[in-house]
Amino acid sequence: MKLFAVVGNPIQHSLSPVIHAQFAQQTGIELEYTRLLAPVDGFVATLKQFQQQGGYGVNITSPFKREAADWVEVLTERAAEARAVNTILFRPDGVRVGDNTDGVGLVTDLTRYFKAPLNGKRILLLGAGGAAQGVLGPLLRERPLSLTISNRTVDKAEVLAESFSQVGPINACHWTELRNGIFDIIINATSASLQDEKLNLPNSLLNSNVLCYDMVYGKGVTPFLQWANAQNAICLDGLGMLVEQAAESFYIWHHIKPNTKPVLLGLTKQLVNI
Ligand code: NDP
């Protein structure tokens, strides 16, 4: 039986094992998919051990996506652009291939919501970690009117804006400079919601036409979505992105596209009832 895992720190919250088990059932593939907690300074050691035990593939989550990009031997085009990896395939010859499916996952979920492409939208992306890096290229290829990236540590946002400047209209700004911004979509790609922390963003950013998207999922109404809800903005969590990026990883490993609709529907119902 093929072995898979999702690796991160923290990791208990991850729904990836549940999703991959459902895809496997749907497609008749036998597999085992577990959660692996890696120490913050022990990512490579944890993955080497998993590979030696016969691991076939892993998903990578916070905070290891950039470290994973440095560790694999081969990067797909989209992972090389992102310099962040969320999916690794351990080839039979031992070679590690890194890919990034976060961008496909987010864009599929957002276009499903809007029932249209994202061209002409003004997008604000909060955060400059591995998840943000993975979605910048795919978001810019949707041809938004503008993409602003803002991060607690502003230098990281500036570096990302510079490195993606050839792909589309991107700029970076400090958290405190957001006050006068006008956006159609605000995406929280920070891990603040995982720690139940507030971002202290200006209320002037919001109105009932703004979509606030928290990449975090399964945490109920996160502080970011509470803030959005209080200003009557539209709220969406990252469950749809999670299921879509998982489907793309599944395709990389098994060459079969699972049906995401029933899985997303089932998880949404399950989380509402918790
Ligand atoms: P990283 O650890 O690589 O990056 C974390 C980011 O969050 C950094 O930009 C960091 O800023 C910022 N941050 C952390 N805490 C705070 C805080 N208290 N206030 C403001 N900013 C903060 O994580 P990832 O990029 O890999 O993941 C980010 C989040 O996205 C995670 O919660 C993850 O679960 C979620 N995610 C969801 C996916 C889905 O499918 N739904 C897919 C991918 C990710 P700084 O640089 O200043 O430290």
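Indexing begins at 1, ligand by ligand and atom by atom, following the structure's order.
Remark: among candidates G129, G218, A189, the nearest residue to atom 28 (C) of ligand 1 is A189, based on non-hydrogen atoms. Atom 35 (C) of ligand 1 has its nearest heavy-atom neighbour, among Q195, H13, M215, K198, in M215. Remark: among candidates L199, I19, I11, the nearest residue to atom 20 (C) of ligand 1 is L199, based on non-hydrogen atoms. With atom 47 (O) of ligand 1 as the reference point, the heavy atom nearest to it among D109, T153, D102 is part of T153.
Proximity to V216 (heavy-atom distance under 4.0 Å) selects the following atoms of ligand 1: 32 (O). Taking every non-hydrogen atom of R66 and a distance limit under 4.0 Å, the qualifying atoms of ligand 1 come out as 3 (O). Heavy-atom proximity to K65, at under 4.0 Å, picks out these atoms of ligand 1: 26 (O), 42 (C), 43 (C), 44 (C). Heavy-atom contacts of Q245 reach the following atoms of ligand 1: 40 (O) (cutoff under 4.0 Å). Interface of S62 with ligand 1, defined as ligand atoms under 4.0 Å from a residue heavy atom, comprises 1 (P), 2 (O), 23 (O), 24 (P), 26 (O), 27 (O). Atom numbering of ligand 1 starts at 1 in the shown order; those under 4.0 Å from a heavy atom of A128 are 9 (O). Ligand 1 places these atoms under 4.0 Å from at least one heavy atom of P63: 2 (O). Taking every non-hydrogen atom of G127 and a distance limit under 4.0 Å, the qualifying atoms of ligand 1 come out as 9 (O).
The backbone N or O of N100 lies less than 3.5 Å from a partner atom in the side chain of R78, making a donor-acceptor pair. Side chain of W175 to main chain of L199: a donor-acceptor pair is present (N/O by atom type, distance under 3.5 Å, no hydrogens or angles). Between the side chain of N151 and the backbone N or O of A128, at least one donor-acceptor pair lies under 3.5 Å. D184 places a side-chain N or O within 3.5 Å of a backbone atom of R122 that can act as its donor or acceptor partner.
Of all protein heavy atoms, the one closest to atom 48 (O) of ligand 1 is R152 NH2, 2.9 Å. Closest protein heavy atom to atom 29 (C) of ligand 1: T190 O, 3.5 Å. Of the protein's heavy atoms, A131 N, 2.7 Å lies nearest to atom 25 (O) of ligand 1. Nearest protein heavy-atom contact of atom 11 (O) of ligand 1 is N151 OD1, 3.3 Å. Protein heavy atom in closest approach to atom 7 (O) of ligand 1: S191 N, 3.0 Å. For atom 18 (N) of ligand 1, the closest non-hydrogen atom of the protein is E197 OE1, 2.6 Å. When only non-hydrogen protein atoms are considered, atom 46 (O) of ligand 1 lies nearest to K156 NZ, 2.7 Å. Shortest contact from atom 3 (O) of ligand 1 to any protein heavy atom: G130 N, 3.0 Å.
Taking a 6.0 Å sphere around CD of E162, one finds it holds 12 or fewer heavy atoms contributed by other residues, nucleotides or ligands.
Not close to ligand 1: E244, with no non-hydrogen atom less than 4.0 angstrom away. In this structure, G105 falls outside the shell of residues with a heavy atom less than 4.0 angstrom from ligand 1. Taking 4.0 Å as the cut-off, Q133 does not count as a neighbour of ligand 1 on heavy-atom distance.
Note that CG of N59 is 4.5 Å distant from NE2 of H20, once rounded to the nearest 0.5 Å.
Among the atoms of L242, some N or O lies under 3.5 angstrom from an N or O of ligand 1. Between T61 and ligand 1, not a single N/O pair is under 3.5 Å apart.
At a 4.0 Å heavy-atom cut-off, ligand 1 does not touch L106 at all.
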